[in-house]
Amino acid sequence: MKSEFKKYTEANRDAWNEVTPKHQSAAKEKWDRAFMQPSFVYMGAEEVDLLNQMGIKGKYVAHLCCNNGIELLSLKNLGADECIGFDITDTVIQEAQERADLCKIDCQFVRSDVYDIGPEYENRFDIVYISSGGMGWLPDLKLFFAKAVSLLKEDGLIFIHEIHPFSEMLSFDDAKVDDVLRIVEPYFKTEPYIEFGGLDYVGGEQYDSTKPQYWFVHKLSDILMGLIENQISIEHFSESETDISAGHQRIEQAQAGVPLSYILIGRKQKKTRD
Ligand SMILES: C[S@@+](CC[C@H](N)C(=O)[O-])C[C@H]1O[C@@H](n2cnc3c(N)ncnc32)[C@H](O)[C@@H]1O
């Protein structure tokens, strides 16, 4: 990986290691209990329908930026075969693996920067899965998609359920602003946001950190061109007013017609043979 990116991804690792105990105090036991129930699935109905339609059963799945594993454990409970989650943060990988072992759900969790995932994982997966708030931590989307595609078998699928880029223009702390629909940030933004603290969207604890975190806004054109340039053909794209960021709940409640999330499914094209 380019060394200039390490500055960002390692700082984000520190910030996530710092906040994870706060997330765990608020929700670890809840998720342990939930996954003790057979076949528990965390995702909502629209996503589960799409996962079933794309044939999740029996598939080899990689989840990139998997955090505490609740989505990957759910994919396993939906019938996926081999399930491997990758995340840069030490504490979340430990929590995810402990939960999988406790609940006897056969998933493996690997601590790695996504840009550094090793060659032993290449051409291995039928599905690469990415979900809410994963891509914003990544300084280079084209390189990320190149990595994701390298993990896929030929004809494999990439499934993205993410925060809508449009909603990045609105305040992510919408409980604190009067007009939740006021545009407060530009859509076209090349420099990352540098923030300190504020990552406890689970327990809601306010804290000031000494550790900077870097958040990158990826426009819709960055996402689409990043996929197209990595030989992905898009087979599904839907937008929704559902908030998956935990920061736009008042906008969701207002039903103001704002796109807050999207699901995209793309397929790795077969190599053309001469
Ligand atoms: C908001 S979580 C997304 C996962 C899940 N959808 C969730 O809501 O919990 C973001 C995750 O991305 C991980 N992450 C950030 N940068 C990464 C990188 N360069 N490589 C791997 N994981 C990374 C963080 O450690 C964190 O666990």
Side-chain angles (χ1 to χ4, degrees), residues 1-24 26-28 30-31 34-35 41-44 47 51 61-75 83-97 99 107 109-118 121 128-148 151 159-164 167-168 172 192-193 195 198-203 209 211-216 218 242-249 260-263:
M1 197 216 323
K2 287 184 195 164
S3 55
E4 74 226 51
F5 293 165
K6 274 281 172 212
K7 165 187 158 191
Y8 298 125
T9 60
E10 284 300 316
N12 288 340
R13 177 184 179 186
D14 286 346
W16 276 96
N17 271 324
E18 180 182 45
V19 78
T20 302
K22 301 180 198 304
H23 288 186
Q24 289 172 340
K28 183 173 180 298
K30 176 181 89 171
W31 294 127
F35 282 98
V41 172
Y42 160 75
M43 290 82 111
E47 181 170 353
L51 288 161
V61 181
H63 183 182
L64 306 184
C65 303
C66 66
N67 194 263
N68 62 9
I70 58 177
E71 286 135 324
L72 192 66
L73 297 177
S74 301
L75 295 172
C83 284
I84 306 185
F86 299 90
D87 199 288
I88 197 169
T89 301
D90 315 67
T91 44
V92 299
I93 285 296
Q94 190 185 349
E95 178 186 338
Q97 194 63 63
R99 178 167 300 118
C107 292
F109 292 92
V110 176
R111 200 214 68 76
S112 174
D113 190 323
V114 284
Y115 293 108
D116 294 336
I117 295 173
Y121 296 106
V128 167
Y129 177 87
I130 300 147
S131 65
S132 57
M135 293 193 325
W137 302 103
L138 305 175
D140 187 315
L141 211 51
K142 269 187 200 156
L143 214 56
F144 170 65
F145 285 136
K147 174 58 76 176
L151 303 178
F159 186 103
I160 305 175
H161 188 186
E162 262 292 8
I163 298 167
H164 200 293
S167 69
E168 303 258 7
F172 264 110
Y193 292 104
E195 290 179 20
L199 268 183
D200 188 14
Y201 55 86
V202 181
S209 177
K211 301 173 195 305
Q213 46 184 270
Y214 298 90
W215 177 261
F216 299 83
H218 302 298
T242 304
D243 174 36
I244 58 169
S245 74
H248 287 146
Q249 288 169 359
L260 296 178
S261 56
Y262 70 91
I263 296 180

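What you see below is based on every heavy atom in this structure, not just the backbone, and it leaves out hydrogens, waters and symmetry mates. Ligands are counted one by one from 1 in listed order, and the atoms in each one are counted from 1 as well.
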Visitor: Does the R99 side chain pair with the main chain of N68, one donor and one acceptor, at a distance under 3.5 Å?
Guide: yes
Visitor: Under the ring-ring contact (aromatic ring centres under 6.0 Å, His included) rule, what do H63 and F86 come out as? Steps first, then yes or no, please.
Guide: CA-CA 6 Å; H63 183 182; F86 299 90; 9.7 Å; no
Visitor: Testing E71, E47, E162 one by one against S131 for a side-chain hydrogen bond (donor to acceptor under 3.5 Å, both in side chains), which residue passes?
Guide: E71
Visitor: Among all residues two or more places apart in sequence or in another chain, which pass the side-chain hydrogen bond (donor to acceptor under 3.5 Å, both in side chains) test with Q213?
Guide: none
Visitor: Against F216, only a single residue in F144, F5, Y8, Y193 fulfils ring pair (Phe, Tyr, Trp, His ring centres under 6.0 Å); can you say which?
Guide: Y8
Visitor: Going by atom types only, do E95 and T20 share a side-chain donor-acceptor pair under 3.5 Å?
Guide: no
Visitor: Under a 4.0 Å heavy-atom cut-off, which residues neighbour ligand 1?
Guide: T9, W16, C65, N67, E71, D87, I88, T89, S112, D113, V114, S131, S132, G133, W137, L138, Y201
